[in-house]
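Just so you know, these numbers use all the heavy atoms, side chains as well, and skip hydrogens, waters and symmetry mates.
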Amino acid sequence: MLVFDGPMAGVLGLWGLSLLGVTVVGVFAYRIWYRYGS
């Protein structure tokens with residue numbers, strides 16, 4: 001397991017957080033679309 005320090009940790013953390021956020025929003029939007037759109 002790698003431990004990142006400094007700017008690299010900030011970049012990876014931000015990227016991971018944004019990816020997680022996009023995934024959550026995508027799943028939420030898909031469920032809404034699936035329920036009301038079809």
Show me the side-chain donor-acceptor pairs of residues 9-16 shorter than 3.5 Å, one per line, residues at least two apart or across chains.
none

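V25 and Y34 are members of different hydrophobic clusters when ILVMFWY side chains are connected at heavy-atom separations under 4.5 Å.
By the side chain to side chain contact (heavy atoms under 4.5 Å, CB included) test, L17 is found to be paired with no residue, residues two or more places apart in sequence or in another chain being considered.
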